[in-house]
Amino acid sequence: MGPTLIKFFSLLAIASTTLASPCPYGEMAERGLLPKSEADKFFAARAKREVAVEAQMEVQMKAKRDAEHASQEQFYKRQLLGGLLSLGGGLLNGALQPFTGQLEKLGVPTPQPVGLAEVPDSDHPFQAPGPTDIRGMCPTLNTMANHGYISRNGITTFAEAANACQITLGFGYDTCVFLSALGLLAGGDLPSGMYSIGGADSRVPNTLGPSLGISKHGFFEVDNSISREDAYFGNQADFRLDRFERLVNITDKYDGQFGNSAFAEERVLLYNEAKNNNPNFDAGVRWLAVTTAERVFIFRALPNGTDETNANYANVAPFYLNETFPHEWFRRSTAYGLADTGADIANLLASSPQVTIPGQNEGIDNFVPLGIDLASVTPTEATCFLASAVFDETPGFLSPALVDNYDLVEAFLNGAVAPFFAPYGCNTTVSKPGPNAGDSTAGVSTDCNDLVNGVYQC
Ligand code: HEM
Ligand SMILES: *[C@@H]1O[C@H](CO)[C@@H](O)[C@H](O)[C@H]1NC(C)=O
Ligand SMILES: *[C@@H]1O[C@H](CO)[C@@H](O)[C@H](O)[C@H]1NC(C)=O
Ligand SMILES: *[C@@H]1O[C@H](CO)[C@@H](O)[C@H](O)[C@H]1NC(C)=O
Ligand SMILES: *[C@@H]1O[C@H](CO)[C@@H](O)[C@H](O)[C@H]1NC(C)=O
């Protein structure tokens, strides 16, 4: 790839971080989604490297970015007036502001450069995890740890994981901050920002009370994971080769693509399986957000960035079976934001052959629906499902440490998460601890952390 093409991709990448639109310009042109005149202009610019058109695009992008920053500032001022930033935070000029007071040691993630880049770079070689390193149920966090993009021992922080998520997978600042915030609340130590990517671990401080690990069931770790079994049946962190192979078999029906169609089929299969067999099957609001997001993430994060729509076995399997990046692999060229995620989730739900009703088993053959209608979900509604995962129901399944310090949770959510959902009009009012709050069951790590070709080596 020539330097001009790389420069061009970077330009598009900048566009996508600032547009917050479901489709960046170039991708839209390539998919035939732009009006012919605009698409012609785009392709002509690319072919001729037409400086004037590029410059014009840059001006448009800057205008969009300025508008975005202006609305961030408005939201920031409203939050200040409402007393919602009592411990700092907030989003200004595209970056989170520092926290203060009891959260002053909580480092915040920073926006990272965007654009096509080979991953790993030479500073981040693969090293198999050692016996005291922790691994968990997120294949990409495990991969980042195996390459030292986050701490190799599996004890990371809010900022470190969110930055690594941008650097390694090319996901947007908004998406990465959201995911890492969810991880921190699921089982970390809020004042220091530290969390284990698996279960509880003595290397994570217990400033407010026991830190239970992100695999603590019911908050981020949910039923119906792709390659992990439901917590009811055993260790929810361990990779299960049979589950992965079942998925691979489904992808065989769809040209070997780990794409929307394969997951539309697979998620219904898993839903029914759990509904019929897991007496504690919990398909609540966090299940809805997490199980749909993790599936669309596979085809948006794992393809080679030079061939972004090709989610084939060669690109997906190394992350799962060896927890490493594919050989000569490039991350995405454009940032993948919360709006993109919402659009993909809406599409996945619409594509599933059967409506998977959110609710909960209270014993087998006793499924209690929640009353959320998934029959037709808009992209914005789906983006707001992600917000619901932390705002609506946060109090349920929070560790006792956080329930007892709910003012800190509230200050953190207002300062680090709410601003990213403001553009979509999601309800980001933090609700109070509910009936399931204060669950103290710790998460678990994988029984063995060294995975080679889908088989643990201990
Ligand atoms: C940066 C912070 C992140 C945290 C704290 C995190 C945490 C988690 C957790 C707790 C789960 C378990 C969910 C479940 O029970 O089903 C999970 C699963 C998963 N995550 Fe992440 N994640 C992060 C980033 C990402 C990113 C950027 C991707 C992009 C590909 C990703 C891809 C996945 C996938 C595909 C699964 C499903 C694994 C399976 O069951 O096969 N994660 N993650
Ligand atoms: C996948 O398909 C192969 C070939 O048909 C079959 O032998 C295998 O049992 C299937 N695996 C799973 C886990 O379904
Ligand atoms: C995983 O690593 C093993 C051992 O290096 C290798 O033989 C295998 O092909 C790798 N699998 C994938 C899917 O990359
Ligand atoms: C990714 O794309 C590059 C450039 O086309 C290619 O050289 C490389 O082999 C691809 N890697 C994978 C894992 O597909
Ligand atoms: C937003 O959520 C809060 C807390 O759950 C609720 O009290 C409030 O009525 C909701 N606001 C809107 C506009 O739906």
Side-chain angles (χ1 to χ4, degrees), residues 1 109 116 118-119 126 128 136-144 149-150 156-172 175-188 195-198 213-231 236-240 243-244 247-248 258 263 266 270 282 286-287 289-308 310-332 336 341 443 451-455 457:
M1 170 164 321
L116 206 60
E118 191 170 345
V119 177
F126 175 86
M137 71 278 101
C138 180
T140 53
L141 285 178
N142 292 347
T143 298
M144 292 173 208
Y149 281 102
I150 61 175
T156 189
T157 67
F158 172 48
E160 184 185 65
N163 290 344
C165 159
Q166 299 171 69
I167 293 167
T168 60
L169 300 173
F171 268 27
T175 314
C176 291
V177 170
F178 167 72
L179 290 169
S180 197
L182 195 53
L184 176 59
L185 290 176
Y195 60 89
S196 147
I197 66 170
I214 61 167
S215 61
K216 173 186 165 45
H217 178 63
F219 196 86
F220 196 156
E221 197 292 316
V222 294
D223 292 331
N224 283 177
S225 306
I226 302 162
S227 66
R228 270 65 178 172
E229 67 185 357
D230 291 359
Q236 70 267 31
D238 280 344
F239 173 75
R240 306 278 165 178
R243 288 177 85 94
F244 184 73
L247 169 64
V248 173
F258 292 66
F263 286 117
E266 179 258 4
L270 264 61
D282 182 2
R286 279 181 297 276
W287 163 87
V290 172
T291 60
T292 52
E294 69 190 17
R295 285 168 171 80
V296 304
F297 283 177
I298 289 184
F299 54 88
R300 295 307 186 189
L302 309 188
N304 198 345
T306 58
D307 191 8
E308 244 163 33
N310 187 7
N312 61 6
Y313 183 89
N315 282 283
V316 174
F319 288 97
Y320 266 102
L321 301 183
N322 290 335
E323 300 185 331
T324 185
F325 297 95
H327 186 55
E328 293 181 346
W329 183 85
F330 290 76
R331 72 177 185 204
R332 295 175 57 86
Y336 182 72
T341 312
L451 192 60
V452 178
N453 223 13
V455 180
Q457 302 300 299

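First listed ligand is number 1; within each ligand, the first listed atom is number 1.
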For [atom], grab the closest protein heavy atom and report residue, atom and distance to one decimal in Å.
atom	value
atom 7 (O) of ligand 4	Glu328 OE1, 4.0 Å
atom 1 (C) of ligand 3	Asn322 ND2, 1.5 Å
atom 4 (C) of ligand 3	Val452 CG1, 4.1 Å
atom 6 (C) of ligand 4	Asn304 ND2, 4.2 Å

Exercise. Which of the atoms of ligand 3 are close to Pro318, meaning less than 4.0 Å from one of its heavy atoms?
Worked result: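 With Pro318 as reference, the close atoms of ligand 3 come out as 13 (C), 14 (O).
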Exercise. Is the closest N or O pair between Tyr313 and ligand 3 shorter than 3.5 Å?
Worked result: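 For ligand 3, there is no N or O atom that lies under 3.5 Å from one belonging to Tyr313.
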For [X], the ligand 1 atoms whose distance to one of its heavy atoms is below 4.0 Å:
X	answer
Ser225	14 (C), 15 (O), 16 (O), 40 (O)
Ile298	35 (C)
Ile226	39 (C), 40 (O), 41 (O)
Tyr320	35 (C), 37 (C), 38 (C), 39 (C), 41 (O)
Cys165	1 (C), 27 (C)

Problem set entry | Nitrogen or oxygen of Ala161 less than 3.5 angstrom from that of ligand 1 |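 Among all N and O atoms of Ala161, none is under 3.5 Å from an N or O of ligand 1.
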Problem set entry | Leu302, any N or O under 3.5 Å of ligand 1 N or O |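 So ligand 1 has no N or O lying under 3.5 Å from an N or O of Leu302.
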Exercise. For atom 15 (O) of ligand 1, which candidate among Thr168, Thr175, Val222 provides the closest heavy atom?
Worked result: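 Looking at heavy atoms only, Val222 sits closest to atom 15 (O) of ligand 1.
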Ligand-side contact atoms (ligand 4) for residue partner [X], heavy atom cut-off under 4.0 Å:
X	result
Pro326	13 (C)
Asn315	13 (C), 14 (O)
His327	11 (N), 12 (C), 13 (C)

For this session: Run the contact test for Tyr195 against ligand 1 with a 4.0 Å cut-off on heavy atoms, strictly below, and give the result.
Result: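 Yes; Tyr195 lies near enough to ligand 1 that a heavy-atom distance drops under 4.0 Å.
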Problem set entry | Protein N, O or S atoms lying under 2.8 Å from atom 21 (Fe) of ligand 1, listed by chain and number |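 The answer, once waters are left aside, is Cys138 SG.
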Exercise. Between Phe325, Phe258, Phe244, Tyr313, which is the residue that forms a ring-ring contact (aromatic ring centres under 6.0 Å, His included) with Tyr320?
Worked result: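 That would be Phe244; it is the only one of Phe325, Phe258, Phe244, Tyr313 passing the ring-ring contact (aromatic ring centres under 6.0 Å, His included) with Tyr320.
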Exercise. Do ligand 4 and Thr306 have nitrogen or oxygen atoms that lie under 3.5 Å from each other?
Worked result: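 By distance alone, the answer is yes.
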Problem set entry | Close aromatic pair by centroid cut-off 6.0 Å: Phe297 and Phe171 |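 Distance test on ring centres: under 6.0 Å, yes.
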Problem set entry | Test item: side-chain donor near acceptor, Asp223 and Trp287, under 3.5 Å |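 No donor-acceptor contact under 3.5 Å links the two side chains.
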Exercise. Between the side chains of Thr143 and Tyr149, is a donor N or O closer than 3.5 angstrom to an acceptor N or O?
Worked result: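 No, no side-chain donor-acceptor pair sits under 3.5 Å.
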